[in-house]
Amino acid sequence: QVQLVESGGGLVQAGGSLRLSCTASGRTSSTYAMAWFRQTPGKERSFVAAVLWSGGSPYYREAVKGRFTIARENAKNTVYLQMNSLKPEDTAVYSCAWVGRPVLVTTNYEYDVWGQGVQVTVSS
């Protein structure tokens, strides 16, 4: 079993920055990828960014490219999401996700474990 604990998030003005962290514990030796998704009321979770644990280029949704950076710290089983130049439309609950097998990393239903989610609110 793998558990995820997220931290970060909060309220920030447009143009500001926030950093989210997500630490995995348990049977993490099989980690294939970790990702961040976000969700607003009445909508499905949508992909934000993902990183493969073996390395390689990260994946981003188009709307956050150049503003968000996902990074992994394998030794700590932790993934970070640095969010800069935040916009009101970035407001959502952000959730960390983990998967232990090769999958299409941009698809939410492929992930096996989810964090509890953290609220990110960007005021205009």
Side-chain angles (χ1 to χ4, degrees):
Q1 286 283 50
V2 172
Q3 297 81 38
L4 302 177
V5 176
E6 300 154 340
S7 61
L11 173 64
V12 65
Q13 289 188 335
S17 298
L18 286 173
R19 189 176 85 152
L20 308 181
S21 301
C22 175
T23 298
S25 62
R27 300 182 65 178
T28 60
S29 60
S30 62
T31 301
Y32 174 75
M34 292 183 71
W36 291 94
F37 288 77
R38 66 189 184 187
Q39 187 173 24
T40 54
K43 295 189 177 181
E44 290 191 0
R45 282 175 178 151
S46 62
F47 172 75
V48 176
V51 62
L52 300 184
W53 225 239
S54 60
S57 299
Y59 300 78
Y60 296 98
R61 72 180 293 122
E62 194 64 35
V64 307
K65 284 182 179 178
R67 300 189 297 122
F68 291 11
T69 302
I70 189 170
R72 58 183 171 81
E73 191 169 356
N74 292 41
K76 294 185 177 181
N77 292 309
T78 298
V79 64
Y80 306 96
L81 185 67
Q82 178 66 43
M83 305 184 292
N84 298 329
S85 301
L86 282 161
K87 304 176 181 180
E89 51 263 44
D90 294 319
T91 295
V93 173
Y94 285 70
S95 297
C96 175
W98 177 95
V99 65
R101 53 192 165 76
V103 298
L104 183 62
V105 298
T106 59
T107 305
N108 61 0
Y109 58 78
E110 295 281 17
Y111 286 83
D112 299 320
V113 182
W114 291 86
Q116 78 279 10
V118 293
Q119 178 68 46
V120 171
T121 303
V122 185
S123 63
S124 57

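Index from 1, following the sequence.
- Hydrophobic cluster membership differs between Y80 and W53, with clusters built from Ile, Leu, Val, Met, Phe, Trp and Tyr side chains linked at under 4.5 angstrom.
- Between M83 and L81, the closest side-chain pair of non-hydrogen atoms falls below 4.5 Å.
- The residue from T31, N77, D112, T28 that alone fulfils the side-chain hydrogen bond (donor to acceptor under 3.5 Å, both in side chains) condition with W98 is T31.
- For the atom pair CZ (F68) and CD (Q82), the distance works out to 9.5 Å, reported to the nearest 0.5 Å.
- Hydrophobic clustering, with ILVMFWY side chains joined whenever heavy atoms are under 4.5 angstrom apart, groups V113 together with I70.
- Under the 3.5 Å distance criterion, with hydrogens and angles disregarded, no donor-acceptor pair is assigned to the side chains of T121 and T91.
- Note: Y94 OH to W36 CH2 = 10.5 Å, rounded to the nearest 0.5 Å.
- From Q13, atom CD reaches atom OG of S124 across 9.5 Å, with rounding to the nearest 0.5 Å.
- Proximity of a side-chain donor or acceptor of E6 to a complementary backbone N or O of C22 within less than 3.5 Å is not detected.
- The distance from atom OG of S95 to atom CG of L20, rounded to the nearest 0.5 Å, is 10.0 Å.
- At a threshold of 4.5 Å between non-hydrogen side-chain atoms, the residues S46 and Q39 do not count as touching.
- To the nearest 0.5 angstrom, T40 atom OG1 is 11.5 Å from D90 atom CG.
- The line from CG of N84 to CG of L86 is 7.0 Å long, rounded to the nearest 0.5 Å.
- R61 contributes a side-chain N or O that, together with a main-chain N or O of F47, makes up a donor-acceptor pair within less than 3.5 Å.
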Verdict with reasoning, T106 to L104, per side chain to side chain contact (heavy atoms under 4.5 Å, CB included): CA-CA 6 Å; T106 59; L104 183 62; 3.9 Å; yes
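- Inspection of the N108 and E110 side chains reveals no N or O donor paired with an N or O acceptor under 3.5 Å.
- Looking only at side-chain heavy atoms (C-beta outward), V64 and R38 come within less than 4.5 Å of each other.
- Figure legend: R45 and W114 shown as a cation-pi pair, the cationic atom lying under 6.0 angstrom from the six-membered ring centre and within 45 degrees of its axis.
- Using modelled atom types, one side-chain atom of R72 and one backbone atom of L52 make a donor-acceptor pair closer than 3.5 Å.
- For the side chain to side chain contact (heavy atoms under 4.5 Å, CB included) with L18, the lone residue among V120, L11, V122, V118 that qualifies is V120.
- Other residues, nucleotides and ligands contribute only 12 or fewer heavy atoms inside 6.0 Å of the CD atom of E44.
- Open room surrounds OH on Y59; 12 or fewer heavy atoms of other groups in view lie less than 6.0 Å from it.
- Taking 4.5 Å as the limit, every side-chain heavy atom of P41 sits out of range of all side-chain heavy atoms of K43.
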